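Okay, structure first, notes after.
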Number of protein chains: 2
Amino acid sequence: MRVVTTRTSSHLVEGAVRAAALQILTQDGPEGFTVRAVAQRAGVAPMAIYNHFHGKNGLIDRIFAEGFADLHRAMDIDLDDPVDTLRASGHAYRRFALEHRGHYLVMFLHHFEGFEPSMESAELAARAYGRLVDIISRCVDTGAFEPLDPRRTAQLVWAMVHGYVALEMNHQMFADDAEKTFEQMLDTMMAGLAHSLR
Amino acid sequence: MRVVTTRTSSHLVEGAVRAAALQILTQDGPEGFTVRAVAQRAGVAPMAIYNHFHGKNGLIDRIFAEGFADLHRAMDIDLDDPVDTLRASGHAYRRFALEHRGHYLVMFLHHFEGFEPSMESAELAARAYGRLVDIISRCVDTGAFEPLDPRRTAQLVWAMVHGYVALEMNHQMFADDAEKTFEQMLDTMMAGLAHSLR
DNA sequence: TACTATTGTGGAACATCGTTCTATTAAGGA
DNA sequence: TCCTTAATAGAACGATGTTCCACAATAGTA
């Protein structure tokens with residue numbers, strides 16, 4: 001005898017799964033992120049994740065792409081001074097990570113087995129990186145920074161900011177005040193960029 | 001009918017397993033790192049990993065601790081100038097990561113499900129961090145750096161260097177010359193520390 | 001309102017994973 | 001030589017991602 005108790009309305013399935021996935025990622029981390037667990041929390045059959053997304057990795061890719069779109073929006077800052085813009089972008093990056101733990105986990109912190117971003121997702125990521133290159137180019141053009149290669153400089157700026165945020169989110173902090181330590185990191189970075197190479 | 005073909009000598013088992021584990025981590029990454037795969041490559045029964053280590057996580061902890069001991073050794077640098085020492089330590093850190101991919105993966109790059117460092121391992125890690133704090137303290141004492149809190153400054157120095165190395169090892173590099181980019185990162189960091197806070 | 005196509009459901013099944021248990025038997029010291 | 005030690009093969013368990021299936025609730029249409 002078969003009993004199909006309830007059934008989530010077609011349109012609500014994707015939203016429910018998405019919300020459940022983010023909730024589990026945020027609360028339990030990648031370890032609790034299983035197909036069955038997400039489905040259960042969403043009040044949905046495990047099969048839904050294969051019907052609406054393309055399995056677990058498809059769901060991850062959805063969150064990945066969505067995260068980069070959000071990050072791009074969060075960092076859409078354009079102050080008069082490009083140096084101020086760069087600093088504000090650093091703060092925006094950290095704030096995004098703290099407020100979108102689930103997204104950030106998927107985007108930067110954890111490598112899920114067998115997951116590779118789709119073409120579209122990778123392009124979104126590249127575009128976010130392009131913005132960073134642009135800002136740094138403007139800093140160089142105005143003479144605020146030494147004549148550095150913007151592409152290379154973007155790489156190390158990203159490394160520094162992301163490196164710090166990753167440690168903070170993984171609770172690998174030995175200093176007491178995370179906010180103040182981040183501020184000092186930005187100070188160091190900005191001062192170094194302005195005066196580096198002698 | 002039972003056929004136990006050959007049998008690895010007691011003393012050699014641990015070494016064989018250790019070597020196989022590092023080889024798999026280095027070549028295949030965390031995804032290929034399964035108990036059965038390690039045992040097979042070591043020419044040993046899967047049970048050996050439970051007899052000689054304490055399961056998969058025990059083996060990981062062994063590599064973790066060994067890695068920190070090696071890193072501590074690699075960074076045991078003491079030049080006359082503490083600023084030179086800090087810069088040399090940065091280079092040593094990166095070199096260690098590149099030359100000990102397997103160890104670095106376990107120590108910093110990948111979080112294995114359910115793995116938590118043992119007390120002894122955590123202490124080894126803390127001691128390595130302590131060295132960094134000491135070097136920075138000396139930089140502050142000699143007046144080479146602004147009067148920064150060494151503990152906090154160590155946090156952001158680690159974040160910057162590790163952030164860069166992590167990107168390089170994950171092949172998330174958009175700049176061409178990794179060596180030169182790292183050099184510029186150290187330049188920026190050192191210059192920023194010397195002149196930050198006005 | 002009645003009918004039908006869509007599609008979400010529960011459940012079984014598969015291979016693989018870490019892990020435990022068992023019985024066998026090779027290795028090494030007495 | 002014998003006997004203890006310990007490394008082996010293999011089955012088994014639960015959990016994982018994934019696929020397939022039969023069934024029925026939903027939604028649109030006649």
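Predicted model only: the values in this text are computed from it and were never measured. Naming convention: chains lettered A, B, ... in sequence-line order (proteins, then strands); numbering from 1 in each chain. The figures here come from the full heavy-atom set of this structure, side chains too, leaving out hydrogens, waters and symmetry mates.
The listed nucleotides are C:dC17, D:dT8, C:dT9; the one nearest the side chain of B:A45 is D:dT8. The side chain of A:M47 has C:dT9 as its nearest neighbour among C:dT9, D:dA9, C:dT19. The listed nucleotides are C:dT9, D:dG17, C:dT20; the one nearest the side chain of B:Y50 is C:dT20.
Rounded to an integer number of Å, the gap from A:E113 CD to D:dT16 P is 14 Å. If you measure from atom CD of A:Q40 to atom C1' of C:dG8, you get 17 Å, rounded to the nearest angstrom. Distance, A:L59 CG to D:dG17 C1': 13 Å, rounded to whole Å. The distance from atom CZ of B:F53 to atom C1' of C:dG18 is 16 Å, rounded to the nearest whole Å. A straight line from CG of A:L12 to P of C:dG8 spans 11 Å, rounded to a whole angstrom. Rounded to an integer number of Å, the gap from CZ of A:F112 to P of D:dG17 is 11 Å. One interatomic measurement links the two molecules: CD1 of A:I24 to P of D:dT16, which rounds to 11 Å at whole-angstrom precision. Whole-Å rounding puts the B:E14 CD to D:dA6 C1' distance at 13 Å.
B:D84 contributes no side-chain N or O that, together with a main-chain N or O of B:L79, makes up a donor-acceptor pair within less than 3.5 Å.
Within the nucleic acid shown, B:F33 comes within 4.0 Å of sugar-phosphate atoms alone, with no base atom in reach, counting heavy atoms only.
B:T26 is linked by a side chain to side chain donor-acceptor pair (under 3.5 Å) to nothing, counting only residues two or more places apart in sequence or in another chain. Residues satisfying the ring pair (Phe, Tyr, Trp, His ring centres under 6.0 Å) criterion with B:H72, sequence neighbours excluded, are absent altogether.
When each of B:Y164, B:F96, B:F182 is checked for a ring pair (Phe, Tyr, Trp, His ring centres under 6.0 Å) with B:H91, only B:F182 meets the rule.
Of the two residues near DNA chain C, A:P46 and B:A37, the one whose nearest nucleotide lies more 5' is A:P46. When the nearest nucleotides of DNA chain D are assigned to B:G43 and A:R36 by heavy-atom distance, the more 5′-ward of the two goes with B:G43.
What you find for A:I136 and A:A154 is that their closest heavy atoms are CD1-CA, 3.4 Å. What you find for A:G114 and A:N57 is that their closest heavy atoms are O-ND2, 3.4 Å.
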Residues A:D187, A:R87; criterion salt bridge (Lys or Arg N to Asp or Glu O under 4.0 Å); working and verdict
CA-CA 9 Å; A:D187 288 340; A:R87 177 180 277 271; 2.8 Å; yes
Under 3.5 Å, which N/O atoms of the protein pair with N/O atoms of nucleotides 4-7 of chain C?
unit_1: C:dT7; atom_1: O2; unit_2: A:R7; atom_2: NH2; d: 2.5

